[in-house]
Number of protein chains: 2
Amino acid sequence: MSDPSPGLNAEQLGAYFALMEVSSLLQYAVDEHLRADGDLSYVQFQILARLVDSPEGRLRMTDLADGVVYSRSGLTYQAGLLEKRGLITRAPSPDDERSVMVTVTDAGRALIAHVLPGHVERVRQLLFEPMRGRDLVTLGGVLGRVREHMRATPPRSAKPRAGRNRAE
Amino acid sequence: MSDPSPGLNAEQLGAYFALMEVSSLLQYAVDEHLRADGDLSYVQFQILARLVDSPEGRLRMTDLADGVVYSRSGLTYQAGLLEKRGLITRAPSPDDERSVMVTVTDAGRALIAHVLPGHVERVRQLLFEPMRGRDLVTLGGVLGRVREHMRATPPRSAKPRAGRNRAE
DNA sequence: GCTTGATCGTTCGAATTCTAAGCAAGTAAG
DNA sequence: CTTACTTGCTTAGAATTCGAACGATCAAGC
């Protein structure tokens with residue numbers, strides 16, 4: 001089938017829609033649990049989880065925003081909320097006086113530890129339960145490659161940093 | 001996450017994060033294009049696309065909201081915007097006086113036709129370009145099953161009008 | 001030192017989104 | 001027909017989100 005307009009075939013369209021629909025449904029489900037179990041929105045959970053997962057438990061605002069795919073101003077707002085609850089602290093970086101280092105507090109770590117089992121359980125139940133055989137391996141591999149591809153090809157969506165795109 | 005608790009293994013966690021990250025990045029990218037090319041948000045595009053794709057070009061508000069995974073009030077708001085722009089019309093259903101049938105206008109169809117090629121091209125470029133071999137088939141199959149699974153297991157997000165009576 | 005330009009984070013205003021409450025219309029039981 | 005319950009959509013108000021504008025800091029170049 002050599003059609004002049006290189007669009008998407010039915011299979012591709014189906015996969016695209018399924019991807020967006022699954023991610024939406026999954027986000028709704030886990031968001032509900034996080035709010036009930038720890039009074040956290042999904043974004044807040046992502047922020048804290050990334051911090052807990054980082055080497056020193058701290059990250060720059062910009063890197064955090066890039067990581068969770070979020071606007072800078074939105075992160076400022078959420079960081080304000082999380083700081084008010086004592087889950088993170090903010091301090092200007094010693095190296096870069098203009099950048100702000102965000103650090104998880106013990107309370108933040110405790111909260112993540114508290115909600116993580118239930119969170120993970122929901123994800124397992126909704127996302128991984130219907131998978132069979134090599135589904136998981138393939139899915140992880142493909143999506144990983146796609147992520148790399150998207151991060152390396154910034155159309156204009158997220159602008160990580162202008163200077164160093166190739167040096168990763 | 002170096003904790004081998006009975007939750008998700010590293011591979012599952014990676015796939016989960018990749019899924020959410022890819023969908024976010026993809027949504028940002030296509031949203032940007034839709035705004036530039038047709039002054040449409042991603043949600044508005046989804047609404048119009050679903051209508052165009054429906055048999056008569058019309059759907060009930062509720063079915064539309066369930067389809068795009070959106071709150072009822074949010075849909076009311078967006079429908080108001082789209083109606084004001086002449087892209088859809090709203091009229092009470094003859095059968096059920098309380099339900100509202102939303103119909104795409106010719107202008108709505110024309111707008112979707114106008115933005116669709118560019119939209120599809122972006123999706124192809126970002127999502128399907130890095131895929132090889134049977135990646136697409138597997139991805140579509142798995143995500144389709146997962147979607148079915150999630151739709152059949154309503155945590156609370158959408159209630160597709162089934163006999164599920166649980167009075168508290 | 002002193003410019004020029006880029007980067008970092010916040011603030012501001014407008015737009016969007018959600019939940020809860022409300023109203024209208026259908027359904028079931030008596 | 002009336003009462004009670006359910007469903008479909010809208011309204012009201014608060015919370016969240018983004019982009020643009022802003023001040024502050026760094027990095028080069030002179």
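Computed from heavy atoms alone, side chains included, the values below leave out hydrogens, waters and symmetry copies. Small disclaimer: the values here were computed from a predicted structure and weren't measured. Each chain gets a letter, A, B and so on, in the order the sequences are listed, and its residues count up from 1.
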Next on the checklist: From CG of A:Asp96 over to C1' of C:dT7, roughly how many Å is that when rounded to an integer?
Outcome noted: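 About 8 Å, once rounded to whole Å.
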Checklist entry - Does a distance-only test, which skips hydrogens and angles, find a donor-acceptor pair under 3.5 Å between the side chain of B:Thr62 and the base of D:dG8? => result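 Absent.
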Next on the checklist: Using a strict threshold of under 4.0 Å (side-chain N to carboxylate O), is an ion pair present between A:Arg50 and B:Glu21?
Outcome noted: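 Salt bridge: yes.
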Item to check | From B:Leu82, B:Val104, B:Thr103, B:Val102, residue fulfilling side-chain contact (heavy atoms from CB on, under 4.5 Å) relative to B:Thr89 | outcome: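 The option that passes is B:Thr103.
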Checklist entry - What orientation do A:His119 and A:His33 show, parallel under 30°, tilted 30 to 60°, or perpendicular over 60°? => result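 Judged by the thresholds at 30° and 60°, the geometry between A:His119 and A:His33 is tilted.
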Item to check | Nucleotide nearest A:Arg98 (side chain, heavy atoms from C-beta), chosen from D:dC26, D:dA15, C:dC12 | outcome: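 In terms of side-chain proximity for A:Arg98, the closest of D:dC26, D:dA15, C:dC12 is D:dC26.
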Respond yes when some side-chain nitrogen or oxygen of [X] is under 4.0 Å from OP1 or OP2 of [N], and no when none is.
X       : N      : answer
A:Ser71 : D:dT17 : no
B:Arg60 : D:dG8  : yes
A:Gln44 : D:dT16 : no

Which part of the nucleic acid, if any, lies within contact of [X], taking any heavy atom under 4.0 Å across all strands shown: a base, the sugar-phosphate backbone alone, or nothing?
X       : result
A:Arg35 : nothing
A:Thr76 : base
B:Tyr77 : base

